[in-house]
2 protein chains.
Amino acid sequence: MILKVPQGKRLTKQRSIILEELKKNRIHPTALEVHKLVKKRLPKISLATIYRNLKFLQSNGYIMSINCESCNSERFDGFTDHHQHFSCKVCQKVYDMNKSKSDEVKVNKKEGHQVDDYQIIFNGICKICLKKEKQYI
Amino acid sequence: MILKVPQGKRLTKQRSIILEELKKNRIHPTALEVHKLVKKRLPKISLATIYRNLKFLQSNGYIMSINCESCNSERFDGFTDHHQHFSCKVCQKVYDMNKSKSDEVKVNKKEGHQVDDYQIIFNGICKICLKKEKQYI
DNA sequence: ATACTATTGATAATGATTATCAATAACATA
DNA sequence: TATGTTATTGATAATCATTATCAATAGTAT
């Protein structure tokens, strides 16, 4: 019996353009928002393709995803360098948080679990929403 | 004009029992799992009441919630002391992580956001699933 | 050119969560 | 204790994000 070598997954035009859009700015869009962005360049692209390919890009290490409480759905991030996120409970936006000196978390190994990675999400009110709120005081 | 004093929200029987179940053990169940647990004591309780009251308990500080990538839905935690979580990508369970010395994260204030709190989620494979995997090697 | 596999677009299906609403329970006041 | 008022509940419908299905198309290898 001949074992078929699993064919390497290609970076199709749809996949490249999704990736490009995510790498344009340090934004953290939902799948729906990615669809909106990508449709400007590929008007016929289906939302299913967006979901499928976001998953593909993620499991192949091209992008990462963020789940937080005040985001109502999953967010995607085209930058995979180690950094943290801030989630605004007013406008639901997710911002990058630049590394602060002491946010290197030491993993507690006593529990016996195999820890592959970790993420920190900061919650609060973003700069812009803070400013808006002040106008009403 | 007379301003009505907003009536304090009561801790009804349904709410107390949901809270009790969450405080029995350091578990992190989904809304559906909470429903299952509570139905043993209140067989007529509706799933809508579970969702409504989990939200109520959370926004009144009785419980907290956890959103992570490999959990497919929101988890609830009856313990609100500051602690972190580990999420197993194999069995989808969420475990408590006891505090390690250096997991006090200093918040970067340069961004200008108002940070109310933060959470750390560790991802990997839990002790139990690790053991199971070894059996097949 | 031909055969084969991966990918896509369109759309249906699923699953979690939220909204609606009539019935009930709790509370305050007479 | 009866009565009016508001909050809460249970049942169920509706919504929204995500996933599955499947025929058509594109890409690759021979």
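Only a predicted model underlies this, so the values are computations on that prediction, with no experimental measurement involved. Order of the sequence lines fixes the chain letters, A, B, ..., with proteins taken first and strands second; residue numbering starts at 1 for each chain.
- Contact annotation: B/R52 does not reach the phosphate of D/dT8 (side-chain N/O to OP1 or OP2, under 4.0 Å).
- Residue A/A48 places its side chain closer to C/dA10 than to any other of C/dA10, C/dT7, D/dG10.
- Computed from coordinates, the A/E33 CD to D/dC16 P distance equals 15 Å when rounded to whole Å.
- Put simply, CD1 on B/I17 is 15 Å from C1' on D/dT8, counting in whole angstrom units.
- The structure places NE2 of A/H83 at 5.5 Å from CG of A/D81, a figure rounded to the nearest 0.5 Å.
- Taking side-chain N and O atoms only, B/Q14 has no distance below 4.0 Å to OP1 or OP2 of C/dA25.
- Of the listed residues (A/R15, A/K13, A/R41), just one forms a salt bridge (Lys or Arg N to Asp or Glu O under 4.0 Å) with A/E20, and that residue is A/R41.
- For A/R10, taking side-chain heavy atoms from C-beta onward, the closest of the listed nucleotides D/dT18, C/dT8, C/dA6 is C/dA6.
- B/N72 comes within 4.0 angstrom of no nucleic acid atom, judged by non-hydrogen atoms across all strands.
- Following rounding to the nearest Å, B/I50 (CD1) and C/dA19 (P) show an atom-to-atom distance of 18 Å.
- Look at CG on B/L47: it is 16 Å from C1' on D/dT8, rounded to the nearest Å.
- Comparing atom distances between the B/S73 side chain and each of D/dT18, C/dA16, C/dT18 picks out C/dA16 as nearest.
- Side chain of B/S46, nearest nucleotide from D/dT18, D/dT19, D/dG10: D/dG10.
- When the side-chain nitrogen and oxygen atoms of B/T12 are compared with OP1 and OP2 of C/dA26, none of them lie within a distance under 4.0 Å.
- Mapping A/T30 and B/I45 onto DNA chain D via the closest heavy atom, the residue that lands nearer the 5' end is B/I45.
- Distance A/N60 CG to C/dA6 C1': 14 Å, rounded to the nearest Å.
- How far CD of A/E111 is from OH of B/Y95: 10.5 Å, rounded to the nearest 0.5 Å.
- By the 30° and 60° cut-offs, the orientation of the rings of B/F86 relative to A/H113 is parallel.
- One side chain, A/E74 or A/S65, offers a donor N or O that lies under 3.5 Å from an acceptor on the other.
- A sub-4.0 Å separation between OP1 or OP2 of C/dT8 and a side-chain N or O of A/T49 is absent.
- B/H35 places its NE2 atom 14 Å from the C1' atom of C/dT17, with the value rounded to the nearest Å.
- At C/dA26, none of the side-chain N or O atoms of B/K13 fall inside 4.0 Å of OP1 or OP2 (strictly under the cut-off).
- Rounded to whole Å, the distance from OH on B/Y51 to C1' on C/dT20 is 17 Å.
- Put simply, B/R15 has a side-chain N or O that comes within less than 4.0 Å of OP1 or OP2 on D/dT8.
- Rounded to an integer number of Å, the gap from CZ of B/F76 to C1' of C/dT17 is 10 Å.
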